[in-house]
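Note on naming: letters A, B, ... go to the chains in the order of the sequence lines (proteins, then strands), and numbering restarts at 1 for each one.
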Amino acid sequence: MSTLLEKHIVELLQERNEKAISLLYENYGDTLFGVANKVVRNEELAQDVLQESFVKIWKKSDSYDPSKAKLFTWLFRITRNTAIDKLRSANTKTDKEIQIDVSDVYTLGVDSIRPELMDVRENLDKIENKYQVVLEALFFQGMTQQEASDELDIPLGTIKSRLKIGLRELKKIYDPTTPVLCLLIALNLIQ
Amino acid sequence: MNKDKIKIFLDSDLLEKYLIGSTTDQENLQVERYIALYPEVRETYEVLQENLEAFAKMHAIKAPEGLKERILAKIRSEHIGKRRFARYAIAASVAMILFAGASYFFWSENQSLQQENQIVNNKIENLEADMREQLADVRNQFIVLQNPQTKRFNIKGNKKAKELKAVAYVNPVKKLSYINVSKLPNLPENQCFQMWAEVDGKMLNLGVIQEAANKDKLVALPYADEAVGYITIEPKGGNESPTVENIVANITY
């Protein structure tokens, strides 16, 4: 996702041009669907969540402030909060416990895998499970490190170090040029 | 000092909660202040945002076919619905204003017509009453003047008003009496003649005599057996009770 495209989408949103929604869906739809699914753990509910989220995104488009958050951060917040609301109302409706079960974070969904998404899934596998768990607790479940420590029964210090390593691993994956560049520079220096 | 503050803030997980949108409005303000004030916090926030996007992308799932179309249709319908609603709302408001304006116009028109009607009715009633009164008066005058039992008294003023001439008509059968003042002496500007009648021991004010107006007019006198009429000179505009020393004529009837 280039910053230029981001800018373009934001402009369209502020002009209240419906094209913005189309572009947002093409660029973030699958990711936000994944986020929704991660929270509600039900594809059907996740579809509702995504639809409601996009309606909210459209309605709130003039409240988006690029100086306060990246476009994706804003989209993520809306989607995650919509998903949490959905989960709560679904819980009260059915009495069925569809809670964010911490044990679920270990079973990473492998359904509906698209070939073009395979590389990111493979990437995800590159991060060791123990780091993923901490990252998920932080990013999707909104736990504080203390809460994660209590919930996962891992000492706070370990949570902190796992988070640090997890984030570093993550950076390696989505920004692979950095180590390569470093390597090239290092090689150059050696020569 | 600041370093400690920043460290405590970064350790509090508040920034992470803010990142994913699970902070309260008050917490938002605090976090936004830290981001604005401290580059270190800002940088951490930037990195967290990048991490979040990268981590979320790893969890992307292909959204079902047709969901995009459903979402776009939903947004379009809300958009159009809103626009249509706004249009209806404007039209309804305009209609309301017109209706209210017209209602007020007709109401006030009706109100003023009612008032006018009331005034006209009152006038008619007054005229009717006046007419009836005058007709009765004229009839009584006719009866008094034509009746053979009517006694006629010629009244002359005393030395204070020698020129005064008046005629009184009294009919004891019909119990009616009238007086016609035909001539009055001239009085200074600040004085006038006033007529009185003493009936059953009570002094009644019959009003100021205006010579020109009263010349050919019969003025009714309240009737009583052994009533006495007086004409006095009083200050201009009349008096509330007769000034006895200024009596210029008396009429016993």
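- Side chain of A:R77 to main chain of B:L19: a donor-acceptor pair is present (N/O by atom type, distance under 3.5 Å, no hydrogens or angles).
- A:F54 does not carry B:R70 over the face of its six-membered ring by the limits of under 6.0 Å from the centre and within 45° of the normal.
- Contacts of B:L72 with chain A are made by side-chain atoms alone, with heavy-atom separations under 4.5 Å and no backbone atom involved.
- Looking only at distances, no side-chain donor or acceptor of A:N81 sits under 3.5 Å from a matching main-chain atom of B:S22.
- Checked by atom type and distance alone, the side chain of B:R76 never pairs as donor or acceptor with a backbone atom of A:E18 at under 3.5 Å.
- Ranked by heavy-atom pairs shorter than 4.5 Å toward chain B, the options A:V35, A:L50, A:L32 are led by A:L50.
- Summarising the local packing, CD of B:E40 is surrounded by 12 or fewer heavy atoms from other residues, nucleotides or ligands at distances under 6.0 Å.
- You'll find the side chain of B:I20 stays beyond 4.5 Å of the side chain of A:F140, heavy atoms only.
- When A:Q146, A:E52, A:K68 are compared by the number of non-hydrogen pairs under 4.5 Å with chain B, A:K68 comes out ahead.
- When the shell of 6.0 Å around CD of A:E44 is examined, it contains 12 or fewer heavy atoms from other residues, nucleotides or ligands.
- By the 4.5 Å heavy-atom criterion applied to side chains, A:K160 and B:D11 are counted as neighbours.
- Within the 4.5 Å cutoff, side-chain heavy atoms of B:I61 are placed close to those of A:E43.
- Interface remark: B:Y18 contributes backbone and side-chain atoms alike to the contact with chain A (heavy atom separation under 4.5 Å).
- For B:Q49 (side chain) and A:K70 (main-chain N/O), a donor-acceptor pair under 3.5 Å exists by modelled atom type.
- Residues B:K17 and A:T144 have side chains in contact (heavy-atom distance under 4.5 Å, counting atoms from C-beta outward).
- Contact annotation: the side chain of B:E53 never approaches that of A:F139 to less than 4.5 Å [non-hydrogen atoms, C-beta and beyond].
- The shortest side-chain heavy-atom distance between B:M58 and A:I127 falls under the 4.5 Å cut-off.
- Using modelled atom types, no side-chain atom of A:D30 and backbone atom of B:A60 make a donor-acceptor pair closer than 3.5 Å.
- With contacts defined as side-chain heavy-atom distances shorter than 4.5 Å, the pair B:F55/A:L138 does not qualify.
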